Amino acid sequence: MSVNTHAHITSWVIAIILFVVAATILNKAGKEKSQKIVKMILRLFYLFVLVTGALLLFGGVEINGEYIGKAVLGLLVIGFMEMILARGAKGKPNGVFWALLIVFIILTIALGMRLPLGIWAA
Ligand code: HEM
């Protein structure tokens, strides 16, 4: 466990909350201006997730397949979030992407928790 693990967790928890607000409430309400602002803040949090994730990755662990898998899953989560936001803004259906996003979030969190730096690891 490290300060950075906490920073990483805080960053993706806030990113997920901002994403849900932008993709659901603000999108349905058609509040374009508020959505734009939330999306801008969300992108800042992607950056925090990426930087804190990269610091964990290159902070002295032995990078193996599981770590690479963790980083790829994390990137996929961000990718799906952006896809849902882009399609949602155009009014396109997003059901499949929401399902995939939820699966990837669960896998990312499960693998993150399994890996040794975690606050849940033994
Ligand atoms: C929204 C996307 C992401 C989610 C939901 C997520 C989730 C998590 C979770 C739950 C942990 C474990 C923390 C703990 O047990 O205390 C973790 C750790 C970690 N994450 Fe992420 N992460 C995301 C994105 C990323 C990205 C993009 C990278 C790489 C650039 C990354 C790299 C890492 C690394 C290296 C660890 C440390 C693993 C360990 O040894 O415990 N994560 N992440």
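Note that the structure is a prediction, hence the values are computed from the model and not measured.
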- request: Drop me the distance from Lys39's NZ to Ile41's CD1, to the nearest 0.5 angstrom.
  value: 13.0 Å
Val49 and Val77: CA distance, side-chain angles, deciding distance, side chain to side chain contact (heavy atoms under 4.5 Å, CB included) verdict: CA-CA 11 Å; Val49 173; Val77 168; over 6 Å; no
Cluster link Val96 to Leu107, ILVMFWY, side chain under 4.5 Å: yes
query: Are Leu75 and Val13 in one and the same hydrophobic cluster, where Ile, Leu, Val, Met, Phe, Trp and Tyr link if side-chain heavy atoms are under 4.5 Å apart?
result: yes
field: Heavy-atom side-chain contact between Met81 and Ile16 under 4.5 Å
entry: yes
Value rounded to 0.5 Å, distance of CG in Leu50 from CG in Leu55: 11.0 Å
- line: Heavy-atom closest pair (Ala71 atom, Leu57 atom, distance to 0.1 Å) is CB-CD2, 4.2 Å
query: Is Ile14 close to Phe48 at the side-chain level, that is, under 4.5 Å between some pair of heavy atoms?
result: no
- request: Scan for ring pair (Phe, Tyr, Trp, His ring centres under 6.0 Å) pairs involving residues 54-97, sequence neighbours excluded, and state none if there are none.
  value: Phe80-Phe104
Any Ile9 side-chain heavy atom under 4.5 Å of Thr52 side chain: no
query: Are side-chain heavy atoms of Leu115 and Leu56 found at a separation under 4.5 Å?
result: no
- request: Using the rule that two of Ile, Leu, Val, Met, Phe, Trp, Tyr join whenever any of their side-chain heavy atoms come within less than 4.5 Å, decide whether Phe19 and Leu47 are in one cluster.
  value: no
field: Exercise: identify the closest heavy-atom pair between Leu73 and Thr108
entry: CB-OG1, 3.4 Å
task: Identify whether Val51 and Leu44 are in the same connected component of the hydrophobic contact network (ILVMFWY, side-chain heavy atoms under 4.5 Å).
output: no
task: Kindly give the heavy-atom pair with the smallest separation between Glu82 and Tyr46, and that separation in Å.
output: OE2-OH, 2.9 Å
- request: Would you indicate whether the side-chain heavy atoms of Met113 and Ile109 approach each other to under 4.5 Å?
  value: yes
field: Considering all heavy atoms, the nearest Val38-Ala22 contact
entry: CG1-CB, 3.9 Å
message: How close do Ser11 and Phe45 get, counting heavy atoms only, and between which atoms?
response: O-CD2, 3.8 Å
message: Hydrophobic cluster membership, with links at side-chain heavy-atom distances under 4.5 Å among I/L/V/M/F/W/Y: are Val20 and Ile78 in one?
response: yes
message: Other residues, nucleotides and ligands only: do more than 12 of their heavy atoms fall within 6.0 Å of CD on Glu32?
response: no
- request: Could you grab the distance from atom CD1 of Ile105 to atom CG of Leu76, nearest 0.5 Å is fine?
  value: 11.5 Å
- request: Mind listing the closest non-hydrogen atom pair of Asn27 and Gln35 along with its distance?
  value: OD1-NE2, 3.2 Å
query: CG/Leu85 to CZ/Arg87 distance, rounded to the nearest 0.5 angstrom?
result: 12.0 Å
